[in-house]
Amino acid sequence: MSHVYCPECGFQNPEASNYCARCGALLVHDESGSDTTMSYTPEEGDDEAGAALDEVKPGGPALVVRSGGGRAGEHFLLEQEETTVGRSPDCDVFLDDVTVSRRHAVVVRRDGGFFIEDRGSLNGTFLNRRRIESGPLGDGDELQIGKYRLTFLSQ
């Protein structure tokens, strides 16, 4: 059975649907062979050297890019209650690659800790190499979003 993904929320809908069952957005039916997203799994990672975490001093809770897109060592402070991650330039953590959904995931601060939540992305969000919908973040945890590998630092 074929599926159509919502361009707004990424929800997987039956092919015959015209509107998203989750958010109600109009579904765009692509012509066969016009895929614009690449599939990417953790096992396919490149051998790009990761950034040395000892050299990164973010000054607060942060996500540090370890590999992917030539951005190793770059870090993003998690200063807001919600930090969006995705391919859209509107996201707080902008990861410009077709393996990342436009609004891929969000890091949420609650109950004195941080949690990662997938937003219906096509390729999924991986926490310590396990695909998750939602999960708590601990110091040193590895996130994989598309081809990017990031490390969560709680300092």
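Counting heavy atoms from C-beta outward, Val4 and Ser17 have side chains that stay 4.5 Å or more apart. With a 4.5 Å cut-off on side-chain heavy atoms, Val65 and Phe76 count as touching. With contacts defined as side-chain heavy-atom distances shorter than 4.5 Å, the pair Arg149/Glu142 qualifies. Contact annotation: the side chain of Thr125 approaches that of His104 to within less than 4.5 Å [non-hydrogen atoms, C-beta and beyond]. With a 4.5 Å cut-off on side-chain heavy atoms, Thr151 and Leu143 do not count as touching. Side-chain contact between Gln144 and Leu127 is absent, with no heavy atoms from C-beta onward closer than 4.5 Å. The closest side-chain heavy-atom distance from Leu137 to Val107 is below 4.5 Å. You'll find the side chain of Leu27 reaches within 4.5 Å of the side chain of Cys6, heavy atoms only.
Remark: Arg110 qualifies as a cation-pi partner of Phe115 under the 6.0 Å distance and 45° angle criteria applied to the six-membered ring.
No side-chain donor-acceptor contact under 3.5 Å links Asp96 to the backbone of Phe94. A donor-acceptor distance shorter than 3.5 angstrom exists from the side chain of Asn13 to the backbone of Ala21, with no hydrogens or angles considered.
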Steps toward side chain to side chain contact (heavy atoms under 4.5 Å, CB included) verdict (Leu122, Ser101): CA-CA 7 Å; Leu122 181 61; Ser101 296; 4.3 Å; yes

Trace of the side chain to side chain contact (heavy atoms under 4.5 Å, CB included) decision for Ile132 with Ile116: CA-CA 9 Å; Ile132 54 99; Ile116 182 78; 3.7 Å; yes

Step-by-step ring-ring contact (aromatic ring centres under 6.0 Å, His included) determination, Phe152 to Phe114: CA-CA 9 Å; Phe152 172 74; Phe114 288 88; 5.5 Å; yes

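A 6.0 Å sphere centred on CZ of Arg22 holds more than 12 heavy atoms belonging to other residues, nucleotides or ligands. For CD of Glu133, the number of neighbouring non-hydrogen atoms (other residues, nucleotides, ligands) closer than 6.0 Å is 12 at most.
The hydrophobic cluster containing Ile145 also contains Val93, counting ILVMFWY residues as joined when their side-chain heavy atoms lie under 4.5 angstrom apart, directly or transitively. Connection of Val108 to Leu63 is not established within any shared hydrophobic cluster, with ILVMFWY side chains joined at heavy-atom distances below 4.5 Å, either directly or through further cluster members.
The CZ atom of Arg109 lies 9.5 Å from the CD atom of Gln80; values are rounded to the nearest 0.5 Å. Separating the OG atom in Ser121 from the CZ atom in Arg87 is a distance of 11.5 Å, to the nearest 0.5 Å. Rounding to the nearest 0.5 Å gives a distance of 5.5 Å between CZ of Phe126 and CZ of Arg131.
Minimum interatomic distance between Ala72 and Arg66 (heavy atoms only, all atoms of both residues): CB-O, 3.5 Å. For the residue pair Asp139 and Leu153, the shortest heavy atom distance occurs at OD1-CA, 3.3 Å.
Side chains of Thr83 and Asp92: a donor-acceptor N/O pair is absent below 3.5 angstrom, by distance only. Side-chain polar atoms of Arg103 and Ser88 form a donor-acceptor pair below 3.5 angstrom. Looking at Thr99 and Asp97, their side chains do bring a donor and an acceptor atom within 3.5 Å of each other.
With sequence neighbours excluded, no residue forms a salt bridge (Lys or Arg N to Asp or Glu O under 4.0 Å) with Glu79.
The other residues sharing a hydrophobic cluster with Leu26 are Tyr19, where clustering joins ILVMFWY side chains under 4.5 Å apart.
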